[in-house]
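A short worksheet on the structure shown next.
Basis for what follows: all heavy atoms, side chains included, without hydrogens, waters or symmetry-related copies.
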Amino acid sequence: MADFGCGFEESFPQEEEPLEERSLNLLKDSKIDQAFAEAKAKKKGGKKHKVKWMRRPMVMPEAILEFLDEDLRENAIRYLSNFLIEKREEDPCNYNRAGFLLYFSCGTMPTLLQEVVSFYRKMSEQALNVRSIKRLANVLTLFQCIASNNGTRQKFVDACIPDYLIPLIQFDCTIDVYDNIRAISLSVIGILCQAGEPFVIDWAIRSDVAELCHTILATASELNKVIAMHILEAIMRDNFGISYICNPSCQLLIGLMQTWDNLVNLLSVDQDFSPRLLFHIIRCYILLCSNERGCDIVVQGIPVALTNGTFCDMIEEFPIIGGLLVQLLLYVDKVNEETLPERRVCMLLLQKDACTNDLCSPDSVPSPKTPCRSIDLGKNSLSELPFEKNESNMSF
């Protein structure tokens with residue numbers, strides 16, 4: 001069995017990896033989000049540091065076995081969590097294997113749930129500290145691994161384990177690093193929902209996840225808002241999900257439209273704040289257009305800033321946003337020469353009749369106009385997306 005007590009400090013990174021790498025990497029289209037974030041960091045003169053990971057690999061079964069020893073548990077969970085973050089892209093087979101080992105090994109899931117319940121106790125006693133927050137963040141990273149595994153996802157949901165994450169997301173904590181917990185908890189739900197499996201969407205609706213995301217959009221940090229938008233998109237891509245959100249008896253859609261309007265107005269004033277947030281808001285508007293009531297509400301409530309050319313500068317820097325925006329405006333019949341840069345409007349309108357596929361693949365298109373630039377952003381890689389390479393602005 002591995003000895004975590006000897007040379008432990010040398011094995012672990014001395015700095016935390018960026019939160020976005022821990023919370024966004026397993027979500028579809030996360031490379032797009034990261035590209036927007038990198039452009040923003042470059043514009044501000046920021047630099048993305050690469051973490052130096054541990055040099056000695058650990059056999060996963062040995063690490064998981066040490067979860068059962070309370071004295072070794074914290075180090076074992078941290079070791080395996082960091083190892084999985086490093087390996088999930090370069091060694092997906094081993095990452096997938098870890099999900100099976102974590103879920104089906106004897107006593108592991110009760111032990112991880114015990115960590116969550118212990119954290120609840122500290123929440124109620126107002127005894128949270130940075131160490132306890134980082135410890136739970138490592139547990140949630142293991143939940144990400146289980147949620148992303150096709151063989152454990154349904155068992156994970158059927159066992160109601162994701163329900164334990166909702167109080168963590170709703171909890172209001174004054175400690176800055178607690179935002180890590182909220183973001184990683186949201187990303188576990190996002191990983192579950194992005195598979196589009198009916199049982200997950202059904203669980204999300206029964207658990208009021210869409211309402212939770214609405215609250216996050218109104219109150220949380222920019223990263224949490226982006227992850228919440230990922231979840232809402234995943235729900236709206238499902239027929240049952242879009243029907244639930246657009247149901248006249250459900251007031252959620254009205255609230256979402258108001259919140260999105262506020263965010264678009266904020267972005268129109270400070271366009272450097274979050275281009276990726278605008279990207280996701282426009283995609284949600286497009287998804288709503290696949291539903292008759294949703295389309296009517298979008299037509300009536302689309303923010304003026306999206307129709308009057310306010311975001312022309314942002315579109316010049318991020319052409320993919322322009323492609324989405326003109327598609328949305330064609331749906332709601334509000335495209336004009338002031339909306340986008342003139343050269344781009346001419347090009348897109350000329351291509352209108354040649355397009356046959358829809359960006360978000362709605363079942364029906366309420367507008368008689370056909371989207372002029374169709375891209376399946378749920379499947380394509382970043383290299384296939386229509387970013388314009390411009391070294392003066394950014395590079396991908």
A side-chain contact here means heavy atoms from C-beta on lying under 4.5 Å apart; do [X] and [Y] qualify?
{"X": "Val116", "Y": "Leu112", "answer": "no"}
{"X": "Cys93", "Y": "Arg97", "answer": "no"}
{"X": "Val209", "Y": "Leu232", "answer": "no"}
{"X": "Glu197", "Y": "Trp203", "answer": "no"}
{"X": "Glu86", "Y": "Asn82", "answer": "no"}
{"X": "Leu165", "Y": "Leu140", "answer": "yes"}
{"X": "Tyr120", "Y": "Leu168", "answer": "yes"}
{"X": "Phe119", "Y": "Ile133", "answer": "yes"}

Could you tell me whether the side chain of [X] and the main chain of [Y] form a donor-acceptor pair under 3.5 Å?
{"X": "Thr259", "Y": "Ala218", "answer": "no"}
{"X": "Ser105", "Y": "Leu101", "answer": "yes"}
{"X": "Ser185", "Y": "Arg182", "answer": "no"}
{"X": "Arg293", "Y": "Cys246", "answer": "yes"}
{"X": "Thr108", "Y": "Phe104", "answer": "no"}
{"X": "Arg153", "Y": "Ser148", "answer": "yes"}
{"X": "Asp238", "Y": "Gly241", "answer": "yes"}
{"X": "Ser268", "Y": "Asn265", "answer": "yes"}
{"X": "Tyr244", "Y": "Met236", "answer": "no"}
{"X": "Ser290", "Y": "Ile286", "answer": "no"}

So, taking the atom named [atom1] in [X] and the one named [atom2] in [Y], what distance separates them when rounded to the nearest 0.5 Å?
{"X": "Gln300", "Y": "Cys295", "atom1": "CD", "atom2": "SG", "result": "10.0 Å"}
{"X": "Ile281", "Y": "Leu306", "atom1": "CD1", "atom2": "CG", "result": "8.0 Å"}
{"X": "Ile302", "Y": "Ile297", "atom1": "CD1", "atom2": "CD1", "result": "13.5 Å"}
{"X": "Ile175", "Y": "Asn180", "atom1": "CD1", "atom2": "CG", "result": "11.0 Å"}
{"X": "His214", "Y": "Gln258", "atom1": "NE2", "atom2": "CD", "result": "8.5 Å"}
{"X": "Cys250", "Y": "Glu211", "atom1": "SG", "atom2": "CD", "result": "5.5 Å"}

Write down the atom of [X], the atom of [Y], and the distance for their closest heavy-atom approach.
{"X": "Leu217", "Y": "Lys225", "result": "O-CE, 2.9 Å"}
{"X": "Val157", "Y": "Pro162", "result": "CA-CD, 4.1 Å"}
{"X": "Leu128", "Y": "Cys173", "result": "CD1-SG, 4.1 Å"}
{"X": "Ala305", "Y": "Thr310", "result": "O-CB, 3.4 Å"}
{"X": "Leu212", "Y": "Ile166", "result": "CD2-CG2, 4.3 Å"}
{"X": "Ser207", "Y": "Asp163", "result": "OG-OD1, 3.2 Å"}

Check against side-chain contact (heavy atoms from CB on, under 4.5 Å), Ile282 and Leu278: CA-CA 6 Å; Ile282 295 173; Leu278 180 65; 4.0 Å; yes
Tell me whether [X] at atom [atom1] has more than 12 heavy atoms from other residues, nucleotides or ligands lying less than 6.0 Å away.
{"X": "Glu70", "atom1": "CD", "answer": "no"}
{"X": "Asp176", "atom1": "CG", "answer": "no"}
{"X": "Arg131", "atom1": "CZ", "answer": "no"}
{"X": "Phe171", "atom1": "CZ", "answer": "yes"}
{"X": "Glu90", "atom1": "CD", "answer": "yes"}

Asn138 and Arg135: side chain donor to acceptor below 3.5 Å: no
Between Glu233 and His280: side-chain donor-acceptor atoms closer than 3.5 Å: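 Distance-only check passes for Glu233 and His280.
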Cationic N near anionic O, under 4.0 Å, Lys155 to Asp158: no
Test log, rule side-chain contact (heavy atoms from CB on, under 4.5 Å), inputs Tyr331 and Val299: CA-CA 9 Å; Tyr331 272 143; Val299 170; over 6 Å; no
Phe311-Val269 co-clustered via ILVMFWY side chain contacts under 4.5 Å: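 Per the 4.5 Å side-chain linkage, Phe311 and Val269 are not co-clustered.
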Co-membership, hydrophobic cluster, residues Met314 and Val304, 4.5 Å side-chain: no
Residue of the set Phe143, Phe156, Phe67 for which side chain to side chain contact (heavy atoms under 4.5 Å, CB included) holds with Leu102: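 Among the candidates, only Phe67 passes.
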Stepwise side-chain contact (heavy atoms from CB on, under 4.5 Å) test for Arg276 and Leu223: CA-CA 10 Å; Arg276 61 183 176 178; Leu223 175 60; 4.1 Å; yes
From CA spacing to verdict: side-chain contact (heavy atoms from CB on, under 4.5 Å), Ile216, Ile227: CA-CA 9 Å; Ile216 292 297; Ile227 301 173; over 6 Å; no
